[in-house]
Amino acid sequence: MTPPKVIIVAGVAGSGKTTVGAILAERLGWDYAEADVFHTEAAIEKMRSGRPLTDADRLPWLRAIAAWIDDRLATGRPGVVSCSALKRRYRELLADGRPGVRTVMLDGDRDTIAARMRSREGHFFDVALLDSQFAALERPTPDENVLVLPVTGTPEETVDRILTALDLAPGHLRA
């Protein structure tokens, strides 16, 4: 298997995407983008007010993330981006037709993730929206070639599992 040049760290809110994605990028020496920065202010306000986003709300966000991925691939600068990528069609929009892109789905049960969300401070995402995340989640099927990892253990241990599963070493494909 050819090592990826862009890794999408996916999962429901509170699964650890940002923490794992940032550690992974740092260990590899790659660029990192947190998907929340690609949201419009209107989408952030909608989530802050406790209303889930619709597919129409998410489309500009997903297109902006896809453009970031395309830029990494075109310029040869490897990167990691965290993005919920809850539905198959979202994962397809981000990864299909882009050789070198690999998705890692962080998987956990609702109670574990809800406890994590209640302990974090300063995030706009209301824990009340967690049920909408699980309702929207379409678990990856084998034909998607998504690496699914449980959110057990520390973020560092999760990163170790990603590096091993994707046959990457720190500094691999460094920009």
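Closest approach of T152 and T158 over heavy atoms only: O-OG1, 3.9 Å. Pairing each heavy atom of C83 with each of I65, the nearest pair is SG-CD1, 3.7 Å. F134 and R139 get closest at one heavy-atom pair: CE2-NH2, 4.3 Å. Closest of all the heavy-atom pairs between G79 and W68 is CA-CH2, 3.9 Å. The shortest non-hydrogen separation linking G21 to V80 is O-CG1, 3.6 Å. The two atoms that bring T103 and A95 nearest to each other are OG1-CB, 4.2 Å, heavy atoms only.
Remark: S84 OG to L62 CG distance equals 7.5 Å, nearest 0.5 Å. Note that the CD atom of E156 and the OG1 atom of T19 stand 9.0 Å from one another [nearest 0.5 Å]. Note that CD1 of I7 is 7.5 Å distant from CG of L163, once rounded to the nearest 0.5 Å. With values rounded to the nearest 0.5 angstrom, L137 atom CG is found 9.5 Å from S15 atom OG. For the atom pair OG1 of T40 and CG of D57, the computed distance is 7.5 Å after rounding to the nearest 0.5 Å. A distance of 5.0 Å separates CG in D36 from NE2 in H39, rounded to the nearest 0.5 Å.
Put simply, the side chain of Q133 gets close to the backbone of A13: a donor and an acceptor are under 3.5 Å apart. The backbone N or O of N145 lies less than 3.5 Å from a partner atom in the side chain of R102, making a donor-acceptor pair. No side-chain donor-acceptor contact under 3.5 Å links K17 to the backbone of V9. Without hydrogens or angle criteria, T164 side chain to R161 main chain gives no donor-acceptor distance under 3.5 Å.
Inter-residue side-chain proximity for P78 and L28 is flagged as unmet; no heavy-atom pair is nearer than 4.5 Å. Using a 4.5 Å heavy-atom cutoff, the side chains of L73 and I69 are in contact.
For V148, the side-chain contact (heavy atoms from CB on, under 4.5 Å) partners are M105, D107, P140, V146, not counting sequence neighbours. Residues passing the salt bridge (charged side-chain N to carboxylate O under 4.0 Å, His left out) test with R58, sequence neighbours excluded: D55.
Linking Ile, Leu, Val, Met, Phe, Trp and Tyr residues whenever their side-chain heavy atoms come within less than 4.5 Å leaves V37 and I44 in two separate clusters. Taken together through direct or relayed side-chain contacts under 4.5 Å among Ile, Leu, Val, Met, Phe, Trp and Tyr, V12 and Y90 form parts of separate hydrophobic clusters. Note: the hydrophobic cluster containing L149 also contains L168 (ILVMFWY, side chain heavy atoms under 4.5 Å, direct or indirect links). Note on L166 and W30: same hydrophobic cluster, where clusters join Ile, Leu, Val, Met, Phe, Trp and Tyr whose side-chain heavy atoms are under 4.5 Å apart, directly or indirectly. Taken together through direct or relayed side-chain contacts under 4.5 Å among Ile, Leu, Val, Met, Phe, Trp and Tyr, L24 and I8 form parts of separate hydrophobic clusters.
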Given V151 and D109, is the side-chain contact (heavy atoms from CB on, under 4.5 Å) satisfied, shown in steps?
-> CA-CA 9 Å; V151 293; D109 65 86; over 6 Å; no
What's the verdict on side-chain contact (heavy atoms from CB on, under 4.5 Å) for V20 and I162, showing C-alpha distance, side-chain angles and the deciding distance?
-> CA-CA 10 Å; V20 169; I162 293 169; 3.7 Å; yes
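W61 does not carry R63 over the face of its six-membered ring by the limits of under 6.0 Å from the centre and within 45° of the normal.
Y32 and S82 are linked by a side-chain donor-acceptor pair at a separation below 3.5 angstrom, with hydrogens and angles left out of the test.
Among residues at least two apart or in separate chains, salt bridge (charged side-chain N to carboxylate O under 4.0 Å, His left out) pairs with a member in residues 90-100 are D70-R98, R88-E92, R91-E144.
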